[in-house]
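Everything below concerns the one structure shown next.
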Number of protein chains: 2
Amino acid sequence: MTARITDVARAAGVSASTVSRALRGRPGVSDEVRDQIAAVAARLGYTASRSASSLASGRTFTIGVIAPYIGRWFFGTVLDAAEQVFSAAGYDVLLYNLGSPETRKRFFTKLPVRKRVDAVLSLLIPDEEEAAALRSLGVPLASTVGGAREGFTVVGIDDRVGAESAVRHLVNLGHRRIGMVSGASEPLHWTTPVDRRRAYLDVLADAGIAHDPALEADGDYTVEGGERAMTELLVVSRPPTAVFAQSDEMAMGALRALRRHRLKVPDDVSIVGFDDHELSDVIGLTTVAQPVAGQGAEAARLLLQQLDEPEAGTPGHVQMPIRFVLRDTTAPPAPRGPQ
Amino acid sequence: MTARITDVARAAGVSASTVSRALRGRPGVSDEVRDQIAAVAARLGYTASRSASSLASGRTFTIGVIAPYIGRWFFGTVLDAAEQVFSAAGYDVLLYNLGSPETRKRFFTKLPVRKRVDAVLSLLIPDEEEAAALRSLGVPLASTVGGAREGFTVVGIDDRVGAESAVRHLVNLGHRRIGMVSGASEPLHWTTPVDRRRAYLDVLADAGIAHDPALEADGDYTVEGGERAMTELLVVSRPPTAVFAQSDEMAMGALRALRRHRLKVPDDVSIVGFDDHELSDVIGLTTVAQPVAGQGAEAARLLLQQLDEPEAGTPGHVQMPIRFVLRDTTAPPAPRGPQ
DNA sequence: TGTTGTTGCGCAAGCGTTTGCGTTCATATT
DNA sequence: AATATGAACGCAAACGCTTGCGCAACAACA
């Protein structure tokens with residue numbers, strides 16, 4: 001059907017080995033012969049069969065990428081950036097969308113990437129057992145998103161510092177009743193919610209503000225969850241005058257809840273998010289920006305580097321810069337309110 | 001290193017062929033032996049090498065998915081849904097992100113999926129040459145997003161009908177100066193912008209409204225582009241009282257431009273979008289909803305179906321339902337304005 | 001002229017499966 | 001009792017490439 005290496009060899013009057021070496025830039029072929037083989041290969045439309053060459057060489061030139069919810073902006077953007085780096089380097093990307101617990105479990109038990117990839121990039125935090133399964137693949141591993149595991153190169157941000165700047169901004173504006181919309185850590189094993197909450201508590205304590213558990217609500221890191229959480233915060237006896245949402249999407253949900261309650265932002269309530277979602281600029285949301293695409297690209301680069309220099313030492317931990325972005329959803333508390 | 005089929009065979013006291021047949025559910029193995037082999041394989045943690053089995057069988061159990069801008073909500077959502085269908089059926093997904101012209105060209109000239117995938121799902125419209133390249137792979141092909149090619153199963157929506165309902169809504173509200181924010185068809189070869197513009201022109205003509213070219217602006221299907229386009233529309237001698245944006249993201253950009261110009265929506269200007277972006281609900285954007293995830297899932301299913309029954313006839317063309325969604329960005333024109 | 005190196009290439013043995021065909025053995029058929 | 005039938009399994013040949021090794025041929029050196 002399609003041309004095989006022996007067809008090219010015959011047409012060029014050389015052996016298959018020479019064709020193989022010539023096409024992959026290996027030494028042991030004269031320039032003259034190499035050029036001629038390239039010409040013949042092009043004429044026949046020859047491309048080496050990946051299955052055959054990876055079977056023979058043990059290399060697959062494929063990277064496995066595992067991610068939850070690739071439809072969400074954050075993961076989609078990270079994936080986009082990583083894919084570009086990989087494909088520019090000649091690697092293909094095998095994508096595994098591990099949103100639900102079932103798909104996740106299936107992936108880690110069957111481990112379909114075994115012997116199929118040269119490296120794995122994880123956009124989720126594996127638990128210890130899952131991490132062990134990945135390590136058993138014997139390939140370089142990297143992950144983005146907070147929460148390191150042994151054997152993984154990880155690139156992320158300092159969630160503590162980022163969240164601190166967000167909450168401190170609210171404190172500096174004069175807010176004393178500051179709520180938080182957060183998300184659970186458990187199912188995903190990531191440290192992000194924990195770190196951001198820690199920062200929230202620290203800043204409050206630092207400002208001499210007593211922590212009120214009634215001002216925390218779970219928003220599940222989704223828009224709808226954020227809306228629910230904000231609604232909960234509005235029905236406590238003394239509602240917050242400002243809210244730190246642990247993600248921009250939850251902040252957007254919070255904004256929606258406020259609109260439904262006919263509350264003005266930032267006049268009645270201030271909102272600050274986290275991530276700098278592509279639409280936060282459109283909405284005018286004050287937030288903490290992190291380089292989302294940048295993290296994907298950097299993680300991909302580090303992985304390729306490990307592939308190039310296998311013995312270049314242990315994997316590292318890269319912190320990407322963050323930046324507070326002041327927009328239109330934060331202001332000093334209304335003077336009429338108590339305190 | 002990891003167990004091979006011969007290891008399992010030896011441990012189970014049978015031949016490699018029997019192991020192969022047993023594990024893949026092929027006939028010719030007694031239930032007793034099959035169970036025992038399964039147990040041994042599980043104990044050894046054996047998984048067949050994909051390279052070897054696809055080399056031997058010619059099947060790869062992999063689907064190639066090509067898409068532009070996977071970081072964007074639309075494509076990310078389609079991809080997410082398609083991946084779930086594929087992986088549930090035991091197929092892996094090879095992802096190619098063809099955003100830029102260079103990556104796109106590289107993909108179609110090198111055609112890295114040759115002999116690597118059992119089918120291809122395209123989230124972009126190939127031009128005739130690219131379509132021919134894909135057909136040369138000799139595998140089932142499908143595409144989402146408007147614009148069919150010979151040999152492709154396509155699932156999409158009726159862009160004409162959808163855009164008509166959006167523009168007609170504005171006409172029904174009493175608007176006479178109706179602008180449009182559109183996008184170019186050319187680089188992507190898709191018919192969507194063309195169809196939606198056609199509908200815009202038809203509805204205007206139908207309502208006896210003269211078409212004013214000054215009320216059309218290019219928004220490039222991005223938020224920023226939408227903002228630019230809206231700004232352009234605001235500086236013409238008689239600006240529109242309502243605008244149809246060909247996508248929600250452009251509509252969001254338009255909203256932002258209006259906010260910057262201190263214009264109220266919908267009091268001063270009405271905006272209607274297209275797509276029903278996940279955040280449109282949050283923003284309150286009136287729009288035309290299309291089943292985005294649904295299209296990805298459906299296209300994936302049709303592709304799997306073609307793989308199951310190779311000779312089941314020629315590929316089809318599926319139209320998914322659309323729905324007009326009235327929210328808060330449209331209202332009758334302000335009475336004070338001219339006409 | 002003989003030795004040593006170097007370069008360019010072919011041979012053949014894998015890589016780990018799948019699968020057509022042949023063999024064995026128990027059961028059904030006459 | 002002899003033969004046909006089929007199920008269960010093993011043998012060995014692919015699948016298309018990579019790569020260690022060997023062998024010419026030729027250049028460079030003494």
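Reminder, nothing fancy here: chain letters follow the sequence lines and each chain counts from 1.
Side-chain atoms of B/Asp35 do not come within 3.5 Å of backbone N or O of B/Glu32 as any donor-acceptor pair. Judged by distance alone, with hydrogens and angles left aside, the side-chain atoms of B/Ser136 form no donor-acceptor pair with the main-chain N or O of B/Leu134 at under 3.5 Å. Remark: side-chain polar atoms of B/Arg24 are paired, donor with acceptor, to backbone N or O of B/Ser20 under 3.5 angstrom.
Between B/Arg59 atom CZ and D/dA14 atom P the separation is 23 Å, expressed in whole Å. In this structure, CG of B/Asp35 is placed 15 Å from C1' of D/dA8, rounded to the nearest angstrom. When the P atom of D/dC15 is taken as reference, atom CG of A/Leu55 falls 14 Å away, rounded to whole Å. Spacing between atom CD1 of A/Ile5 and atom P of D/dT19 amounts to 11 Å, rounded to whole angstrom units.
Note on the helix from C/dT1-D/dA30 to C/dT30-D/dA1: terminal axis deviation equals 40°, with five pairs used at each end and the result rounded to 10°.
Of the two residues near DNA chain D, A/Val19 and B/Ser57, the one whose nearest nucleotide lies more 5' is B/Ser57. Between B/Ala56 and B/Asp31, the residue whose closest nucleotide on DNA chain D is further toward the 5' end is B/Asp31.
Within 4.0 Å (heavy atoms only), A/Arg26 reaches sugar-phosphate atoms of the nucleic acid but no base atom.
Rounding to the nearest 0.5 Å gives a distance of 10.5 Å between CG of A/Asp92 and CZ of A/Arg116. One distance of note links CG of B/Leu302 with NE2 of B/His317; it measures 11.0 Å at 0.5 Å rounding.
First and last contacting nucleotides of DNA chain C toward chain A (any atom under 4.0 angstrom from a heavy atom, 5' to 3' order): C/dG8 to C/dG16.
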Q: Might you work through the salt bridge (charged side-chain N to carboxylate O under 4.0 Å, His left out) test for B/Glu128 and B/Arg135, ending with a clear yes or no?
A: CA-CA 10 Å; B/Glu128 208 20 81; B/Arg135 278 193 294 268; 2.8 Å; yes
Q. Can A/Arg301 and A/Glu298 be said to form a salt bridge (charged side-chain N to carboxylate O under 4.0 Å, His left out), step by step?
A. CA-CA 5 Å; A/Arg301 261 192 295 272; A/Glu298 181 64 17; 3.4 Å; yes
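The side chain of A/Ser49 places no N or O atom within less than 4.0 Å of a non-bridging phosphate oxygen (OP1 or OP2) of D/dG16. OP1 or OP2 of D/dT18 has at least one side-chain nitrogen or oxygen of A/Ser20 nearer than 4.0 Å. Contact annotation: B/Ser30 side-chain N/O to D/dC9 OP1/OP2 distance is under 4.0 Å.
None of B/Trp190, B/Phe74, B/Tyr69 except one satisfies the ring-ring contact (aromatic ring centres under 6.0 Å, His included) rule with B/Tyr221; the exception is B/Trp190.
Listed by first and then second residue, the salt bridge (Lys or Arg N to Asp or Glu O under 4.0 Å) pairs that reach into residues 56-83 of chain B are B/Arg59-B/Asp118, sequence neighbours excluded.
Counting distance only, with no hydrogens placed and no angle test, the side-chain atoms of B/Ser17 and the base atoms of D/dC11 include a donor-acceptor pair under 3.5 Å.
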